[in-house]
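As structure tokens, the structure follows; a few thoughts come after it.
Every chain is numbered from 1, with letters handed out A, B, ... down the list of sequences. Because the structure is predicted, anything quoted here is derived from the model rather than measured.
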2 protein chains.
Amino acid sequence: MKVTVKDIARTAGVSQSTVSKVLNNYAQVKESTRKKVLKAVEELGFVPDLVARSLVMNRTGTIGLIVGDIANPFFSETAKVIIAEARKSGIDVILSDTDYRSELMEMAVKNMLARRVDGILISAVDRKDTFTTDLYKKGYPLVLFNRHPDSDLVNYIVLDNGKGSRLAVNHLVQLGHRRISFISGPLQFSTFHHRYLGYKNAIQEHNIPYIEEFVFDGDPSYESINDYLKELLNKDEKPTAFFAATDQLAIHVMDALARMGFNVPLDFSVIGFDNIDISSNPHINLTTVSQNKKEMAKLALEKLLALIDEGEIPEQPIHITLEPKLIIRKTVGVNYEQFHYETPRGEISLSEG
Amino acid sequence: MKVTVKDIARTAGVSQSTVSKVLNNYAQVKESTRKKVLKAVEELGFVPDLVARSLVMNRTGTIGLIVGDIANPFFSETAKVIIAEARKSGIDVILSDTDYRSELMEMAVKNMLARRVDGILISAVDRKDTFTTDLYKKGYPLVLFNRHPDSDLVNYIVLDNGKGSRLAVNHLVQLGHRRISFISGPLQFSTFHHRYLGYKNAIQEHNIPYIEEFVFDGDPSYESINDYLKELLNKDEKPTAFFAATDQLAIHVMDALARMGFNVPLDFSVIGFDNIDISSNPHINLTTVSQNKKEMAKLALEKLLALIDEGEIPEQPIHITLEPKLIIRKTVGVNYEQFHYETPRGEISLSEG
DNA sequence: AAATAAAATGAAAACGTATTCTGGAAAACA
DNA sequence: TGTTTTCCAGAATACGTTTTCATTTTATTT
């Protein structure tokens, strides 16, 4: 039936332990017997049982990857590099999708612990999450990326989201916009929280009043955003630009505006965040803040593997923040109205290039 | 350190076997001892070691999922439903990404066998692949989806790709197009192969001559397609419509046309295949052939789990083909030229709805 | 109350591997 | 040649469960 070490031992005329030794490249084994064993392995087509090995080695050679939504390009692109890089170290990844529900995250982690994965990578924690922190304190190899909890006592690799927002707001302000609406996702995620904070700080740095009605953080569906925009654009005080916390949201905004008969960037400017693939499509051409997803994923895995190899957790948690970058395309225009009526400043460059 | 069944046994004052029995809901255990054991489990926070269990049960509770490119929406969307559905049965999935390279597929399978996954789901086989067929013949639970090899001796769930092409071609022909270019991906994949065959058959059914220069199956990158189009549109005999074997390819085509200053659908019609998320975007609005990815994924998993539970493979491999559907949006127009100069037929409806 | 049947428990083996430790053979040294 | 060291190989144990089978306990019958 299934060929095991025992079979190899028998046909090679040695003991199980020597077979194991040649399989694991022990030095202490004569060349002649090594040959015998290898020949038997070849003949019988033996392949070591990794679960048995896991049991005795106390290492499974697997890691868990928990994402918010694998169908979301951000998560799938990061997953891709993690899987590819892990494979280079002979490590397999068990993937879990929380569908943005934090209860599922906790369940996924528990399940993976039972499966004895060697470490866990999570890009889907809530700000108020304490579960991961507790787990890490117990010495379990764990690194978060993309999102992090409010607690600082766990490893994470994230984008400097606040800075990203500042980049976006500055760009808009430079082109004359002073009434900027912020379209956010759920603020319980650190990404959105910091993008929101960055937006708020940036406009205040420019002495722009913060208008509560200008920020949206409700249900991120198209319909919901469409409703919000309709209501907003009926008021006296309209924004001239929309800063969306996500390219996906930005595209919703653009769609809604288009359906209302507005032109982007002539009537309104739109800027996104993430630089997903579609955004560079000539029909979309979204100006956005980009993050280096691949580097983030690579770093997260790298740190996790190091943690696993170390065998013990460092005193100080690892915190890495990556730099955002502004990608200028075609959805942001000059707010002439602003230049005309309020504070026209000649030194500001109006070119988009 | 780690709490095991032995610890539970000790603190509950029973034997390992009884602990195992209450954990696995054996009938033959007195209520009072069940209580004792459960209490100890609770107190010590015991959680069963799944790798140890796997070893003895000869079942890991994991399946392997091998995809061509997890960053591609088709694969990530199917992966999402597979992961979610598998979880409902307490099964975890190990994900592998072949990056469209078939050698990697074979390696991934071998690795998963060593990991003793209970079954494997593959959406990334070549037409000439025999490895999976051989494996299945050996009795290993295996189901392919999306793509299938030329051999029929293995289970697969696929779309009726030929029919999908016919749907697309018929639609174009009904609107007066007779010069239809087919933009394909690599024909070594059954999906593209059958879409190509469907295209060829469909135009022949309409007595349209097959023109070799009208089909492209080279490198599916934007640049390569752009080059092809430039050359093609310099010739005398130009197509009036493009049928792309993939929405991704259709979007490349539209981008290239847009950059050359053409309007879709006024100058050229474009139709895609797959109905990925972006295609419904108002800026894209691609007419396309859709497939029910979720159902495909669900069916594939369902069949695999059934196979695993059966314990032995059925005499006849399972073959399921799903129905494609035409989604009419805004990228296909009427070819008036055709109606005007050649065979204007009054009975053909020109409305797009 | 004794005999029997049924129910509950435990001892032991198994799953397939890695590793420690011991003993013997060979080599190196005297 | 005798002794010490080095090198190899194997026996035994461990990893943490499940499961079979024998045994003890409890319940049922006469």
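Rounded to whole Å, atom P of C/dG16 lies 7 Å from atom CG of B/L55. Whole-Å rounding puts the A/K2 NZ to C/dC15 P distance at 11 Å. Put simply, CD1 on B/I8 is 13 Å from C1' on D/dG16, counting in whole angstrom units. Following rounding to the nearest Å, A/R10 (CZ) and C/dG16 (C1') show an atom-to-atom distance of 14 Å. With rounding to whole Å, A/L50 atom CG is found 9 Å from C/dA18 atom P. Computed from coordinates, the A/R59 CZ to C/dT19 P distance equals 12 Å when rounded to whole Å. If you take CZ of B/R53 and P of C/dG16, they are 18 Å apart, rounded to a whole angstrom. Taking atom CG of residue B/N58 and atom P of nucleotide C/dT17, one finds them 12 Å apart after rounding to whole Å.
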### Message
If you apply the rule ring-ring contact (aromatic ring centres under 6.0 Å, His included), what do you find for A/H148 with A/H193, and how did you get there?
### Response
CA-CA 11 Å; A/H148 66 88; A/H193 180 63; 8.9 Å; no
### Steps toward side chain to side chain contact (heavy atoms under 4.5 Å, CB included) verdict (B/Q28, B/K21)
CA-CA 8 Å; B/Q28 310 276 75; B/K21 278 167 191 161; 5.9 Å; no
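For a distance-only test at 3.5 Å, the side chain of B/S17 qualifies as a donor-acceptor partner of the base of C/dA11.
In the displayed structure, B/E42 atom CD is contacted under 6.0 Å by at most 12 heavy atoms of other residues, nucleotides or ligands.
Here the side chain of A/M57 is nearest to one of D/dT19, C/dT19, D/dG16, namely C/dT19. Relative to the side chain of A/Q28, the nucleotides C/dA14, C/dT17, D/dC8 differ in distance, and D/dC8 lies closest. Candidate nucleotides C/dC15, C/dA11, D/dA9 were compared by shortest atom distance to the side chain of A/T33, and D/dA9 ranks first.
At the heavy-atom level, A/K21 lies under 4.0 Å from base atoms of the strands shown. Within the nucleic acid shown, B/T4 comes within 4.0 Å of sugar-phosphate atoms alone, with no base atom in reach, counting heavy atoms only. A/V14 comes within 4.0 angstrom of sugar-phosphate atoms only, judged by non-hydrogen atoms across all strands, and of no base. Counting any heavy atom pair closer than 4.0 Å across all strands shown, B/S54 reaches no nucleic acid atom.
For C/dA8, the OP1/OP2 oxygens have no side-chain nitrogen or oxygen of B/Y26 closer than 4.0 Å. For D/dA9, neither phosphate oxygen OP1 nor OP2 lies less than 4.0 angstrom from any side-chain nitrogen or oxygen of A/T18. Note on A/N24: a side-chain N or O is less than 4.0 Å away from OP1 or OP2 of C/dA18.
Side-chain atoms of B/D7 come within 3.5 Å of backbone N or O of B/T4 as a donor-acceptor pair. The backbone N or O of B/G61 sits less than 3.5 Å from a side-chain atom of B/D118, completing a donor-acceptor pair.
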